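What you see is a predicted model; the values in this text were computed from it and never measured.
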Amino acid sequence: MSVIERKLKDRSGSVCEISGTEHDLVVYVLPPTNERTVENSVLIAKHLKDQIENPETMNENDWRGLSESMWNEHLPVQILSWRMLARLKNNDLLDMMYLDEEALEWAKATGEGAEEDENKIVHKDSNGVILQDGDSVVLVKDLDVKGATFTAKRGAAVHNIKLVWDDANLIEGRVENQSIYILTQYVKKTK
């Protein structure tokens with residue numbers, strides 16, 4: 001048994017750091033590094049390592065331990081958990097997980113999670129500038145507000161907008177003390 005394997009067994013209590021199984025454990029070094037150290041390795045079951053290295057053999061049921069391992073105090077275990085949650089597209093658990101900027105960069109170093117970004121709904125103003133919750137915008141056109149007795153005038157400021165999560169063309173904001181939906185093509189983000 002190598003020194004690294006012994007230290008990982010001490011760290012994990014001689015169980016897989018993802019599934020908790022005690023059998024057929026191997027050391028997995030997190031790419032892109034190939035340096036075998038405790039700081040970038042995880043002790044996992046061999047069948048999980050095989051699935052990591054051969055994504056077409058993935059069995060989602062084998063990864064149920066991710067809901068616990070994502071909270072592990074050791075960064076390599078968190079990184080591997082993030083990568084596998086991204087690969088399995090488990091956005092509910094991914095949204096709960098927090099990694100600081102440097103750790104997230106390490107987690108994304110293998111390209112995991114990139115597909116998720118391609119499918120992400122992005123809200124853009126009339127100039128193509130990306131909008132985020134809490135931004136301020138101004139109207140670039142007079143808008144008749146359905147169900148209200150006023151027209152939202154061009155140049156009116158709308159502060160602290162909320163993005164409509166399932167429609168990239170809509171935001172929500174307050175104009176004349178009324179909450180309304182506004183098409184993103186009629187707003188311009190302010191600095």
Side-chain angles (χ1 to χ4, degrees), residues 18 30-33 39-40 42 55 58 60 63-191:
I18 300 295
L30 292 166
T33 186
E39 292 76 27
N40 59 20
V42 178
M58 288 282 293
E60 196 170 334
W63 295 94
R64 288 179 295 205
L66 289 171
S67 61
E68 290 183 30
S69 66
M70 64 187 262
W71 304 112
N72 191 291
E73 64 183 296
H74 302 289
L75 187 57
V77 179
Q78 292 173 22
I79 298 297
L80 180 57
S81 297
W82 187 95
R83 286 178 180 174
M84 299 319 297
L85 287 169
R87 186 179 290 181
L88 293 166
K89 295 181 176 25
N90 189 329
N91 293 326
D92 291 339
L93 291 179
L94 271 176
D95 288 344
M96 285 192 272
M97 209 173 165
Y98 172 78
L99 294 175
D100 65 34
E101 200 172 309
E102 189 176 316
L104 188 58
E105 191 176 311
W106 182 19
K108 290 182 176 183
T110 58
E112 297 293 347
E115 287 181 66
E116 170 191 343
D117 292 342
E118 291 173 15
N119 299 325
K120 187 176 177 184
I121 291 178
V122 177
H123 294 74
K124 295 183 180 179
D125 74 1
S126 58
N127 294 329
V129 176
I130 294 175
L131 299 171
Q132 297 180 346
D133 277 331
D135 281 347
S136 293
V137 297
V138 294
L139 301 179
V140 296
K141 178 182 176 183
D142 288 351
L143 301 174
D144 290 329
V145 180
K146 292 181 181 171
T149 57
F150 71 94
T151 299
K153 296 290 184 191
R154 179 177 171 207
V158 183
H159 301 288
N160 199 21
I161 64 167
K162 288 185 176 43
L163 305 179
V164 176
W165 69 272
D166 61 347
D167 189 338
N169 299 311
L170 280 179
I171 60 171
E172 186 178 355
R174 294 188 73 75
V175 176
E176 294 191 22
N177 290 326
Q178 281 200 321
S179 184
I180 63 171
Y181 290 98
I182 307 166
L183 289 172
T184 55
Q185 68 190 31
Y186 299 130
V187 300
K188 182 173 85 172
K189 182 175 176 176
T190 58
K191 301 288 179 216

Heavy atoms of L131 and K124 approach each other most closely as CD1-C, 4.1 Å
Could you give me the CA-CA distance, side-chain angles and deciding distance for V187 and L139, then say whether side chain to side chain contact (heavy atoms under 4.5 Å, CB included) is met? CA-CA 5 Å; V187 300; L139 301 179; 3.8 Å; yes
Partners meeting salt bridge (charged side-chain N to carboxylate O under 4.0 Å, His left out) with D135 (sequence neighbours left out): K189
Any side-chain heavy-atom pair from L104 and W82 closer than 4.5 angstrom? yes
With sequence neighbours excluded, what pairs up with W63 under the side chain to side chain donor-acceptor pair (under 3.5 Å) test? Q51
Could you state the interatomic distance from CG (N40) to OG1 (T33), rounded to the nearest 0.5 Å? 4.5 Å
Using residues 141-159 as the side-chain source, report each donor-acceptor pair under 3.5 Å to any protein atom, sequence neighbours left out, with the distance given to one decimal.
| unit_1 | atom_1 | unit_2 | atom_2 | d |
| --- | --- | --- | --- | --- |
| D142 | OD1 | R154 | N | 2.6 |
| D144 | OD1 | T151 | OG1 | 3.3 |
| H159 | ND1 | S136 | OG | 3.0 |

Show me, pair by pair, the donor-acceptor contacts under 3.5 angstrom made by side chains of residues 68-77, not counting sequence neighbours?
| unit_1 | atom_1 | unit_2 | atom_2 | d |
| --- | --- | --- | --- | --- |
| S69 | OG | G65 | O | 3.4 |
| S69 | OG | S81 | OG | 2.8 |
| W71 | NE1 | S67 | O | 3.3 |
| N72 | OD1 | H74 | N | 2.7 |

For residues S126 and Q185, report the shortest heavy-atom separation together with the two atoms involved. CB-O, 3.3 Å
May I have the list of side-chain donor-acceptor pairs in residues 161-176 shorter than 3.5 Å, sequence neighbours left out?
| unit_1 | atom_1 | unit_2 | atom_2 | d |
| --- | --- | --- | --- | --- |
| D167 | OD1 | N169 | N | 2.8 |
| E172 | OE2 | S179 | OG | 2.9 |
| R174 | NH2 | N177 | O | 2.8 |

Within the 4.5 Å heavy-atom criterion, are M84 and I18 side-chain neighbours or not? no
Value for CD (E60) from CG (L66), rounded to nearest 0.5 Å, stands at 9.5 Å
Test: salt bridge (charged side-chain N to carboxylate O under 4.0 Å, His left out). Region: residues 177-188. Which pairs qualify, not counting sequence neighbours? none
Hey, does the side chain of D125 reach the backbone of N127 with a donor-acceptor pair shorter than 3.5 angstrom? yes
Let me confirm one number: the CG-CE distance from N91 to M97, rounded to the nearest 0.5 Å. 13.0 Å
Mind listing the closest non-hydrogen atom pair of W106 and P31 along with its distance? NE1-O, 3.9 Å
Out of curiosity, Q78 CD to L99 CG, how far, rounded to the nearest 0.5 Å? 6.0 Å
